[in-house]
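I have placed the structure first, in the form of structure tokens, so that the comments after it can refer back to it.
Letters go in sequence order (proteins before strands), and every chain restarts at 1.
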Number of protein chains: 2
Amino acid sequence: MAKKGQYTYEYPHPAVTADCVVFGYDGKELKVLLIKRGAEKEASTRAYVGQWALPGGFLDVETDKTVAHTAARELKEETGLKLSVKDFKEVGTFSDIKRDPRERVITVAHYALVKLTDVRADTDADNAGWFSWSDIPNLAFDHDKILRVAFSRLKQDIHFEPVGFELLPEVFTLPQLQNLYESILEVKFDRRNFANKMKHFEILSEVQDGTPRKGTRTPIKYRFQKDNYERLKRNGFQLEF
Amino acid sequence: MAKKGQYTYEYPHPAVTADCVVFGYDGKELKVLLIKRGAEKEASTRAYVGQWALPGGFLDVETDKTVAHTAARELKEETGLKLSVKDFKEVGTFSDIKRDPRERVITVAHYALVKLTDVRADTDADNAGWFSWSDIPNLAFDHDKILRVAFSRLKQDIHFEPVGFELLPEVFTLPQLQNLYESILEVKFDRRNFANKMKHFEILSEVQDGTPRKGTRTPIKYRFQKDNYERLKRNGFQLEF
DNA sequence: CTTGATTATGTAAAAATTACACAAAATATT
DNA sequence: AATATTTTGTGTAATTTTTACATAATCAAG
């Protein structure tokens, strides 16, 4: 980060931040990663201390190549989660003149999808936590608004991108996939129709595995077939429900 | 605009601008409004003098309520075109560290759709010009990239929003509407299927008017039926081609 | 009145979507 | 061991949507 000092401009400049909405899925519900705002070393950066908020922070003017880099850097610093810059999709800019009590701050919101199975261990549990979509606490700043916009963006994107597969473990079952789609789209599907449609796309391949069962009939395990998906996508296909 | 002076911060701040991609349609081709960059009064703000660029400019930290307000304000100042803040849709943030040679500048790109018939007279012809989509000159900064992203965003949005109707005059013909869809989606449609689909939506109403003819059969004139469209939209319809 | 350009129109075939019910697998219960 | 309970897997017929396709009407110009 740039050294603290005196930076002077002829006209006022806003501060710019990047915020991250990180979605995960535990097999039942959509989850979001939040952090607990601590007392920053710098008095000037203290705000909403003790409240939950989206991970994020200030653009480093001198070193962050883009705001997506800011998002990735801050996410790692605040939660321990290490994502690639290209995992972040931009949601939009939030620039209301009074959205930050300290000074004028424009934030660029991003969202990212992670496999909870992969990352749960990485997240620094003292300062961060995964919250169910249906049970989000009050958030600092306008982060509740950002969250709603990010979710609606995810809801849009699921029509065109295989977002389900970025949230599920490598190997998953049809009911899991269906439940995820239902969680994001907030609708219910007929099981047979859902299965038919998915099979029709030919982007799932069956996986033989040492059936670790549950309390009922053992579901078939699948893996996402990325090559087939890429081919379909090139021909302008629409993953629709 | 804030008075020139000395504005000091403990950490470096970027400048923030809003840029506008204003699309129009002349009945044949999609058009974009560009401005010719002049020598600004302030030496420090001079860059790419004499080149074509997107209208846009710096966020006024003290008075612009949001960056969309910046976009609206700058568009009016630079081209004479007076649009409402809610006519701007955000395209995205462009934040590459070297995108502006003067200092670190983050821009938030927006697009807007206008009826050329309405606004052509308003645009200040000395500094601004409408360019065919197929014939865009070299642009300042990364504005060519912004333009491409804005166009692809428009291409997406046309599936869900009646963007065609914001670009056409109040009264238009089916061939005009079809040509516009074809221009934006970069495909050709069968005339009968296009007409059937449009009629099926029931968002067009025929208009009787004093047939100002051309050199061929006089096409039927239509008007967009906003009330029916709003009703359809509430039920989650998808305007699709 | 013929030509050329443009617009309007309908239907049959194919594809996609929807609605819908029962059997199989596994565990828990008695 | 038999039974109940839960969850998963599967196919088909009816409906709707999409696609493919050709001819006749209107107008201006020559």
>> On the nucleotide C/dA25, are OP1 or OP2 found under 4.0 Å from the side-chain N or O atoms that A/T218 carries?
In response: no

>> Could you work out, with salt bridge (charged side-chain N to carboxylate O under 4.0 Å, His left out) as the rule, every residue matching A/K155, not counting sequence neighbours?
In response: A/E186

>> Holding to side chain to side chain contact (heavy atoms under 4.5 Å, CB included), I want the full list of residues that pass it with A/D118, two or more places apart in sequence or in another chain.
In response: A/K115

> Sequence neighbours excluded, which residues qualify as ring-ring contact (aromatic ring centres under 6.0 Å, His included) partners of A/W52?
Replying inline: A/F131

>> Any donor-acceptor pair, under 3.5 Å, between the side chain of B/R217 and the base of C/dT7, if you only look at N and O atoms?
In response: yes

> Of the candidate nucleotides D/dC21, C/dA19, D/dG9, which contains the atom at the shortest distance from the side chain of A/I220?
Replying inline: D/dG9

> So which one's nearest nucleotide on DNA chain C is more toward 5', B/N196 or A/N196?
Replying inline: B/N196

> According to a strict under-4.0 Å criterion, is B/K197 in side-chain N/O contact with OP1 or OP2 of D/dT19?
Replying inline: no

> In chain order, what residues pass the ring-ring contact (aromatic ring centres under 6.0 Å, His included) check against A/F224, with sequence neighbours excluded?
Replying inline: A/F165, A/Y229

> What nucleotide among C/dC20, D/dG9, D/dT19 has an atom nearest to a side-chain atom of A/D190?
Replying inline: C/dC20

>> With each end axis built from five pairs of C1' atoms, what bend angle do you get for the helix from C/dC1-D/dG30 to C/dT30-D/dA1? Round to 10°.
In response: 10°

>> Checking A/A128 now: which residues fulfil side chain to side chain contact (heavy atoms under 4.5 Å, CB included) with it, not counting sequence neighbours?
In response: A/L33, A/I35, A/T79

> Residues in salt bridge (charged side-chain N to carboxylate O under 4.0 Å, His left out) with B/K188, at least two apart?
Replying inline: B/E182

>> Check whether B/N228 reaches the backbone of B/E202 with its side chain - one donor and one acceptor, N or O, closer than 3.5 Å.
In response: yes

> In chain order, what residues pass the side chain to side chain donor-acceptor pair (under 3.5 Å) check against A/N193, with sequence neighbours excluded?
Replying inline: none

Atom pairs under 3.5 Å: protein N/O with N/O of nucleotides 2-4 of chain C:
none

